[in-house]
Amino acid sequence: MSTQTTTEAKMSSDGLLKNQVALVTGSGRGIGLAIARKLASSGAQAIITDISQEAADAGAKELKDSGLKADAFVCNVTDTDSIEKMTQAVIEKYGKIDILVNNAGITRDTLIMRMKLEDWNLVIETNLSSVFKVSQIVLKHMSKAEYGRIVNIASVIGIHGNVGQANYAAAKGGVIALTKTIAKEYAKRNVTCNAIAPGFIDTAMTQKLKPEIKEQYMKFIPLGRFGQPEDVAKLAHFFCTGGSYITGQAIEVDGGMFM
Ligand code: NAP
């Protein structure tokens, strides 16, 4: 990264999130990394966490190379101990967590008749129970500070369902219901909680799908392109900047796939 580009990245910051600490789970790559980059580009200190230290380090390095503030912490969102250690370390170093983006997620797709209980449980643990666990721990700090912005990454599948994704649909539907409950319980503490329901976004998660499946999806996207992680990041950024009177919502970012 040249000095000129680094300086440009710093100068282009709107400063809307200056002095704020933004923790994004599963942000070593994909949508999480794009969200961390977008928040950091408004001046936030991005906390990049991922299941492996290497993935977290790589994400944080990418941001720092662009002149943004980023730090890496390992965190497996299915493991309460790991979440507690990570949040403790972040609080010790930065003193607070203003923004939490629950982004980490996985798929284990197959038809209901073939779905192993193991894969059902793994997806529920990783995509839904994790949002409860991380939020519960972070909310203690947000509640004390009387400020917080939580953004949960759900999915259009959690609203509309999908063949071959019973575990994923149930988990993401649960994330939306949990979002509304957090919003109701913590509104009086000045904490907002909203969900983003992305459609088909071009990341490692969807790159592994067969070309014929991608072609099928494309037929249902009026805007005629797959989403980019940045399309999701823009809405997450809005929830954390201009969206102070918005809470308990789930907004679809899907190129018009569902209307
Ligand atoms: P991705 O590229 O696969 O990134 C997900 C990240 O989460 C990876 O870095 C992954 O690490 C990490 N992760 C997985 N399990 C974890 C755990 N237990 N603890 C901590 N980190 C973990 O996927 P993505 O497309 O960016 O997806 C991000 C979120 O958007 C997910 O919640 C997903 O369900 C949601 N979403 C995606 C789409 C889409 O079309 N891409 C659509 C709707 C919703 P490893 O890979 O190293 O395990």
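Any value given below was found using the heavy atoms of this structure, including those in side chains, with hydrogens, waters and symmetry copies removed. For ligands, and for the atoms within them, numbers begin at 1 and follow the listed sequence. Every value quoted in this text rests on a predicted model; they were computed, and no experiment measured them.
Near Thr206, meaning under 4.0 Å from one of its heavy atoms, ligand 1 places the atoms 39 (C), 40 (O), 41 (N). Of all the atoms in ligand 1, the ones that sit under 4.0 Å from a non-hydrogen atom of Ser155 are 43 (C), 44 (C). For ligand 1, the atoms sitting less than 4.0 Å from at least one non-hydrogen atom of Ile106 are 14 (C), 15 (N), numbered in the order shown with element in parentheses. Of all the atoms in ligand 1, the ones that sit under 4.0 Å from a non-hydrogen atom of Phe200 are 40 (O). Near Cys75, with a cut-off below 4.0 Å to any heavy atom, the atoms of ligand 1 are 19 (N), 20 (C). Within ligand 1, counting atoms from 1 as listed, the ones closer than 4.0 Å to a heavy atom of Pro198 are 42 (C), 43 (C), 44 (C).
Under the 30°/60° scheme for interplanar angles, the aromatic rings of Phe200 and Phe226 are found to lie parallel.
Using a 4.0 Å cut-off between a side-chain N of Lys or Arg and a carboxylate O of Asp or Glu, Lys93 and Asp71 qualify as a salt bridge. A salt bridge does not link Glu54 with Lys61: every distance from a Lys NZ or Arg NE/NH1/NH2 to an Asp or Glu carboxylate oxygen is 4.0 Å or more.
Listed for the Lys64 side chain is no donor-acceptor partner under 3.5 Å among the backbone atoms of Lys69.
Heavy-atom proximity to atom 10 (C) of ligand 1, evaluated over Asp50, Val101, Leu209, Ile48, is greatest for Asp50.
Ligand 1 is approached by Ala154 to a heavy-atom distance shorter than 4.0 Å.
Donor-acceptor pairing under 3.5 Å is recorded for the side chains of Lys208 and Thr107.
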